[in-house]
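Please read these numbers as outputs of a predicted model, since none were measured by experiment. The basis for the numbers below is simple: all heavy atoms, side chains too, and nothing from hydrogens, waters or symmetry mates. The first residue in the sequence is number 1, and the count goes up from there.
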Amino acid sequence: MKAESGLSRDLVLVGGGHAHALVLRNFAMRPVQGLRITLVSPASHTPYSGMLPGLVAGHYSFEETHIDLERLCAWASVRFVCAEVTALDPQARRLTLAGRPPIDYDLLSLDVGSQPDMDSVPGAREHAVPVKPVASLWQRWRSLESEVDSGTRVAVVGGGAGSVELVLAMAHRLAGRGVAFDLYCGAETILKGYNRRARGAVERALAAHDIGLHCHRRVESVAAGTMQFADGRSADFDQLFWCTAAAAAPWLAGSGLATDEQGFLAVRDTLQSLGDDRVFAAGDCATQVNHPRPKAGVFAVRQGPVLADNLRAWLQELAPKPYRPQHRFLSLLSLGDKQATADRGPFSATGGWVWRWKDRIDREFMARFSDLPPMAEPRDTDRLTAADRDGQPHCGGCGAKLGADSLARTLAQLSELYPDHARASEPGDDAARLQVSGGLVLQSVDSLRALVADPWVMGRIAANHALSDLYACGARPVSALAMVTLPFASEELLSRDLRQVLAGALDTLAKADCPLQGGHSMQ
């Protein structure tokens, strides 16, 4: 019998940011035998930050600006788990997830981005819309876009590239509808770190879109419909969008791993945590202590290939490579309409051609995750002739059951050979009726092949599918046995999967008050 190659290591990627999207593509093209990869993300679509202003402005569709993580994972043979991480225990090598069992890892990589600081200003969390997560921002923006009236005042708090691009995109989209826009910045000027010509181009674009620019306006508190500033003045608003300095996810500092003063994970030049070589991090959630840089998407994109190489090196016990971020980087800012300005060191340029340049760069990046090449298939040594092939695709519906006619015909033949021990099926049979001393009992057995890669979700699906057979007969479930078949893997990975599958099944069985009494498992 041919020996099966089993899985022996779990690499878990948390977050679907730019760096992890590149890692997924890298490992798909060069898989590591024995490695199982799992991507954990709270959303199945991750936005590409460079195209978000164009999405708000109406230049792009949702599909053009988001990476379909579930599709990318399916192509890369990676398990996708749609869940939010709430805690990390590096000693136990375990991730706590919201509303479901924890996930263990052997090697961990984090690319969870950042979020606006909503807690340093009283009232901001209650009365403002944060620019992240993007799903919430997009939902709120679509609602505003459809319901806005003339005279509505929209305020954006920020001063960096993200806030400038957002307010310009909003103003472009709602041009001519009588909406007033204001940008409030606590610093002396917007776009700190940009050269004078780039700032001038942005200020002219703000004026052309009738956007009020208010610098030296540090917000001290927010209430319903009004903001109070440090200088004693105030401003009213109908809608408030918050795009201030980035803040880290609280569970990063709660993990006990080393962080910087803002709570971002501190990493070495190899993108490994200062306190744990098994934990890597890239993008906005991490600070490279030897080379700190602004929180910008360009660094996450540049880190992606190095992160993939170093994860692979750790798995193969090789020396990791250092990542050296550039001091100067090209920044391309959208100006609402199909105009953009470029900034790199002392260089700056503005115009429609800059926007087209940016558009080409963005589309080429996104094409790497939408135009997925076909994966090589194993070579077949023998193939059936065309006349022998069924020609019909295998059906996975109804739990991939055999056709009802074939099943009935087979059971009818067997009941003739074994009349006392086999009976022909009847239409609608979902359970067998047994007469026992206590009355009538229904017995049912059910099995499903894997429909989804997430084992916890698969356990829930299987339990629901099995219970439905009894409900169809008007019966109440009183007990259950589980039959679980898992892929060949190491004992540790098998244990992790079995826990996830059974926890998912128990989540469903408990709601039906149906105890799990035992069962059988196999590889």
Side-chain angles (χ1 to χ4, degrees), residues 1-16 20 23-24 26-28 30-41 69-70 72-83 85 87-97 100-111 255 276-280 307-308 310-318 375 447-463 482-507 516 518-523:
M1 180 176 178
K2 182 180 178 181
E4 296 283 351
S5 59
L7 301 170
S8 58
R9 290 289 181 90
D10 264 326
L11 166 59
V12 177
L13 311 176
V14 179
H20 275 177
V23 168
L24 288 174
N26 181 290
F27 274 84
R30 291 176 53 206
V32 176
Q33 186 174 0
L35 177 67
R36 177 172 62 192
I37 304 177
T38 302
L39 176 68
V40 181
S41 171
L69 294 175
E70 198 161 5
L72 180 62
C73 285
W75 170 78
S77 298
V78 169
R79 220 166 48 167
F80 177 72
V81 172
C82 189
V85 172
L88 163 62
D89 183 348
Q91 280 71 42
R93 301 205 295 271
R94 179 166 295 170
L95 292 159
T96 301
L97 307 182
R100 55 174 291 162
I103 284 183
D104 295 336
Y105 64 85
D106 297 302
L107 184 61
L108 177 67
S109 182
L110 306 175
D111 185 18
S255 69
D276 191 337
D277 285 350
R278 291 176 178 265
V279 179
F280 288 73
L307 177 62
N310 286 352
L311 290 170
R312 192 184 301 275
W314 189 95
L315 292 163
Q316 298 174 345
E317 299 183 358
L318 301 174
M375 304 300 282
S447 180
L448 286 178
R449 70 187 187 197
L451 304 175
V452 295
D454 185 334
W456 183 74
V457 173
M458 189 61 224
R460 296 182 66 205
I461 292 173
M483 181 174 64
V484 182
T485 303
L486 299 173
F488 285 97
S490 67
E491 184 175 350
E492 179 64 25
L493 266 64
L494 286 172
S495 177
R496 293 173 184 175
D497 271 1
L498 186 61
R499 184 171 68 245
Q500 292 286 324
V501 171
L502 293 182
L506 283 165
D507 182 75
L516 180 62
H520 180 71
S521 63
M522 62 181 292
Q523 297 185 68

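Between Trp456 and Leu97, every side-chain heavy-atom pair lies at or beyond the 4.5 Å cut-off. No side-chain heavy atom of Thr96 sits under 4.5 Å from any side-chain heavy atom of Asp89. Counting only heavy atoms from C-beta outward, the side chains of Phe27 and Leu35 approach each other to under 4.5 Å. Side-chain atoms of Ser109 and Val23, non-hydrogen and from C-beta on, never get closer than 4.5 Å to each other. Residues Val457 and Phe80 form no side-chain contact, since every pair of their non-hydrogen atoms from C-beta on lies 4.5 Å or further apart. The side-chain heavy atoms of Phe488 and Ser8, taken from C-beta on, include no pair separated by under 4.5 Å. No side-chain heavy atom of Asp111 sits under 4.5 Å from any side-chain heavy atom of Leu307.
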Derivation of the side-chain contact (heavy atoms from CB on, under 4.5 Å) call for Met458 and Leu451: CA-CA 7 Å; Met458 189 61 224; Leu451 304 175; 4.1 Å; yes
Stepwise side-chain contact (heavy atoms from CB on, under 4.5 Å) check, Leu39 with Ile37: CA-CA 7 Å; Leu39 176 68; Ile37 304 177; 6.0 Å; no
Stepwise side-chain contact (heavy atoms from CB on, under 4.5 Å) check, Arg496 with Leu486: CA-CA 11 Å; Arg496 293 173 184 175; Leu486 299 173; over 6 Å; no
Apply side-chain contact (heavy atoms from CB on, under 4.5 Å) to Thr485 and Arg449, showing your working. CA-CA 9 Å; Thr485 303; Arg449 70 187 187 197; over 6 Å; no
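How far CG of Leu95 is from OH of Tyr105: 6.5 Å, rounded to the nearest 0.5 Å. Distance NE2/His20 to CG/Leu13: 4.5 Å, rounded to 0.5 Å. Summarising the geometry, atom CG belonging to Asp10 is positioned 10.0 Å from atom CG belonging to Leu107; distances are rounded to the nearest 0.5 Å. Between atom CD1 of residue Ile103 and atom CG of residue Asp454 there is a gap of 7.0 Å, rounded to the nearest 0.5 Å.
Shown here is Glu491, whose CD atom has no more than 12 heavy atoms of other residues, nucleotides or ligands within 6.0 Å.
We find that Arg460 and Asp507 are joined by a salt bridge, their nearest charged nitrogen and carboxylate oxygen being less than 4.0 Å apart. No salt bridge links Asp104 with Arg93; every basic N to acidic carboxylate O contact stays at or beyond 4.0 Å.
With sequence neighbours left out, Gln500 forms a side-chain hydrogen bond (donor to acceptor under 3.5 Å, both in side chains) with Arg100.
Side chain of Arg278 to main chain of Leu108: no donor-acceptor pair is present (N/O by atom type, distance under 3.5 Å, no hydrogens or angles). No side-chain donor-acceptor contact under 3.5 Å links Arg499 to the backbone of Pro101.
Among pairs with a residue in residues 73-82, those fulfilling salt bridge (Lys or Arg N to Asp or Glu O under 4.0 Å) read Arg79-Asp497, at least two apart in sequence or across chains.
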